[in-house]
Amino acid sequence: MAARPHSSISISAAAATTTANYPRLYLRRPHLCMPRYPSINQTTPCFLPHHLIIRNANNSVDDIHIIQRRRLLLLPSPPCVFTDDASAHLLQDAGATLLVVAGGYALVSGFDNLTHHQIIQQNLSRKLVHILSGLLYMGCWPIFSTSAEARYFAALVPLLNCLRLLVHGHSLVTNEELIKSITREGKPEELLRGPLYYVLVLILCSIFFWRESPIGVVSLSMMCGGDGIADIMGRRFGIHKVPYNKHKSWVGSISMFIVGFLISIGMLYYFSKFGYFELDQVQTIERVAVVAMAATVVESLPSKGGIDDNISVPLVTMVTAYLSFGLQS
Ligand SMILES: C/C(=C\COP(=O)(O)O)CCC[C@H](C)CCC[C@H](C)CCCC(C)C
Ligand SMILES: Nc1ccn([C@@H]2O[C@H](COP(=O)(O)OP(=O)(O)O)[C@@H](O)[C@H]2O)c(=O)n1
């Protein structure tokens with residue numbers, strides 16, 4: 001996968017020469033931007049205004065024209081300076097971690113409310129949390145800095161949830177809200193199986209694959225999106241079972257393949273737009289189809305008393321994706 005060429009920005013000469021060491025940027029209207037910009041030797045995802053206002057030494061304002069808005073590097077809040085400051089990365093990663101932790105807590109609490117008020121059934125709540133948690137978590141990866149430590153900050157989020165599941169799963173602390181929103185039968189010990197394996201896979205993909213590898217992206221897409229939709233569709237419409245497993249249906253498996261494939265392609269496109277990797281369109285579709293098929297077949301196999309889907313599906317996806325993307329990239 002060739003690194004995507006980086007475009008550049010043009011800053012009006014007056015502004016560029018008359019400011020101090022760094023132009024002080026004031027953002028007018030935010031718009032998500034591309035994080036990478038080699039000449040400033042920093043990549044920081046942040047918000048991109050349609051116009052940058054640069055106040056120069058005599059405090060007059062100069063707009064600059066943005067050649068390619070998608071790739072402009074901006075810093076997250078005024079007053080900003082272009083700097084490769086490790087403390088800026090630390091601040092950004094700490095803020096991003098807190099934001100995503102709060103998001104995860106809000107998601108689980110939100111679905112508990114829906115279950116509590118009987119707006120949705122407990123099983124559906126669990127599956128929607130299963131689908132949304134990992135995909136939204138992965139979708140937040142670009143807000144972390146590009147420092148080598150960013151992935152560890154991101155992994156703190158599933159790690160904290162892992163500790164939360166261990167504490168509640170062993171009934172050291174009771175939290176009916178958490179148990180109701182993510183267990184089948186409302187038993188605390190259920191937290192120590194599917195949900196725990198799920199967050200462990202999130203940690204593994206964050207640290208070992210992160211956002212530069214399609215392997216982690218596809219693995220989480222199949223575990224979260226594919227496996228999650230299989231349950232939802234299979235429970236509702238899965239009349240015809242697969243011949244080798246009376247607990248799994250054709251509708252569930254076909255749904256897993258189609259939705260898992262589409263989510264994988266969508267997430268790969270999302271990360272490629274940030275410039276983390278560039279993939280050939282036709283090859284990617286072929287490779288993701290193979291990976292999705294492998295994951296779907298494994299998920300449909302009898303698993304009662306065997307390996308949990310939240311381990312077998314991501315594991316097979318990682319191996320298949322590595323063989324597919326890794327050897328042929
Ligand atoms: C219900 C879950 C797994 C059960 O799987 P299965 O047994 O039905 O196959 C998912 C458990 C989710 C966990 C408790 C919370 C994870 C939060 C995540 C790390 C952060 C999400 C942040 C985002 C911004 C919402
Ligand atoms: N391929 C599939 C997967 C699940 N399902 C349905 O969804 C239910 C739960 O599936 P599952 O045991 O894989 O659930 P989790 O282990 O993913 O929570 C099954 O008992 C089926 O009714 C299906 O019909 N076909």
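Nothing here was measured: the structure is a model prediction, and the numbers come from that model. Read the numbers this way: they start at 1 and go in the same order the structure lists the ligands and their atoms. Reckoned from all heavy atoms, side chains included, excluding hydrogens, waters and symmetry mates.
At a heavy-atom distance under 4.0 Å, no atom of Asp231 approaches ligand 1. Using a 4.0 Å cut-off between heavy atoms, Asp227 contacts ligand 2 through its side chain alone, with no backbone atom that close. Counting heavy atoms under 4.0 Å from ligand 2, residue Lys248 touches it through both backbone and side chain. Only the side chain of Leu202 comes within contact range of ligand 1, with a heavy atom under 4.0 Å; no backbone atom does. Contacts of Lys127 with ligand 1, taken as heavy-atom pairs under 4.0 Å, involve the side chain alone.
Protein heavy atom closest to atom 20 (C) of ligand 1, with residue, atom name and distance, is Val157 CG1, 3.8 Å. Among all protein heavy atoms, the one lying closest to atom 13 (C) of ligand 1 is Val199 CG1, 4.0 Å. Leu136 CB, 3.8 Å is the protein heavy atom nearest to atom 23 (C) of ligand 1. With hydrogens left out, the protein atom closest to atom 11 (C) of ligand 1 is Tyr198 CD2, 4.0 Å, a heavy atom. Of all protein heavy atoms, the one closest to atom 14 (C) of ligand 1 is Ile182 CD1, 3.6 Å. Atom 12 (C) of ligand 1 has its closest protein heavy atom at Ser133 OG, 3.7 Å. The single protein non-hydrogen atom nearest to atom 8 (O) of ligand 1 is Arg126 NH1, 2.4 Å, given as residue, atom name and distance. The protein heavy atom nearest to atom 17 (O) of ligand 2 is Lys127 NZ, 3.0 Å. At the top of the distance list for atom 18 (O) of ligand 2, counting protein heavy atoms only, stands Arg184 NH2, 2.7 Å. Scanning the protein heavy atoms around atom 15 (C) of ligand 1, the nearest turns out to be Asn161 OD1, 3.6 Å. Counting only heavy atoms of the protein, atom 14 (O) of ligand 2 lies nearest to Asp231 OD2, 3.3 Å.
Looking at Pro195, Gly228, Ala106, it is Pro195 that brings a heavy atom closest to atom 4 (C) of ligand 1. Counting only non-hydrogen atoms, the option in Ser249, Gly234, Pro195 that gets closest to atom 25 (N) of ligand 2 is Ser249. Remark: among candidates Ala230, Ser255, Ser253, Ser300, the nearest residue to atom 5 (N) of ligand 2 is Ala230, based on non-hydrogen atoms.
Under the 4.0 Å criterion applied to side-chain N and carboxylate O atoms, Arg193 and Asp309 are not assigned as salt-bridge partners. Between Arg151 and Glu212 there is a salt bridge, with a side-chain nitrogen of the basic residue lying less than 4.0 Å from a carboxylate oxygen of the acidic one.
Note: an N/O pair closer than 3.5 Å links Asp309 and ligand 2 by distance alone. Taking distance alone, with nitrogen or oxygen atoms compared against 3.5 Å, Glu299 approaches ligand 2 more closely than that limit. Below 3.5 Å of separation, one finds an N or O of Asn310 facing an N or O of ligand 1.
Residue Phe111 forms a side chain to side chain contact (heavy atoms under 4.5 Å, CB included) with just one option from Leu107, Asn113, Val108, and that option is Leu107. Exactly one residue among Leu279, Val218, Val288 makes a side chain to side chain contact (heavy atoms under 4.5 Å, CB included) with Ile265. That residue is Val288.
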Item to check | Stepwise side chain to side chain contact (heavy atoms under 4.5 Å, CB included) check, His130 with Asp227 | outcome: CA-CA 9 Å; His130 178 118; Asp227 184 29; 3.6 Å; yes

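Heavy-atom proximity to Gly104, at under 4.0 Å, picks out these atoms of ligand 1: 21 (C), 22 (C), 25 (C). For ligand 2, the atoms lying closer than 4.0 Å to a non-hydrogen atom of Arg126 are 18 (O). In the vicinity of Gly103, heavy-atom distances shorter than 4.0 Å reach the ligand 1 atoms 25 (C). Which parts of ligand 1 touch Val100 is read off a 4.0 Å heavy-atom cut-off, strictly below it: atoms 22 (C).
Checked by atom type, the side-chain pair Ser206/Tyr137 shows a donor-acceptor distance below 3.5 Å. Residues Ser300 and Tyr244 have side chains that bring a donor and an acceptor to within less than 3.5 angstrom of each other. Judged purely by distance below 3.5 Å, without hydrogens or angles, the side chains of Ser219 and Thr317 never pair a donor atom with an acceptor atom. There is no side-chain donor-acceptor pair under 3.5 Å between Asp112 and Ser125.
Note on ring orientation: taking the six-membered ring where Trp is involved, the planes of Tyr270 and Phe274 are perpendicular (angle over 60°, cut-offs 30° and 60°).
Using a distance-only test at 3.5 Å, with no hydrogens or angles considered, a donor-acceptor pair links the side chain of Ser249 to the main chain of Gly252. Checking side-chain atoms of Glu189 against main-chain N and O of His170 turns up no donor-acceptor pair under 3.5 Å.
Grouping the Ile, Leu, Val, Met, Phe, Trp and Tyr side chains by contacts below 4.5 angstrom, directly or via other members, places Val316 apart from Ile215.
No more than 12 heavy-atom neighbours from other residues, nucleotides or ligands sit within 6.0 angstrom of CD on Gln121. Within a 6.0 Å radius of CD1 in Ile207, other residues, nucleotides and ligands contribute more than 12 heavy atoms. In the displayed structure, Leu172 atom CG is contacted under 6.0 Å by more than 12 heavy atoms of other residues, nucleotides or ligands.
Distances shorter than 4.0 angstrom occur between a heavy atom of His247 and an atom of ligand 2.
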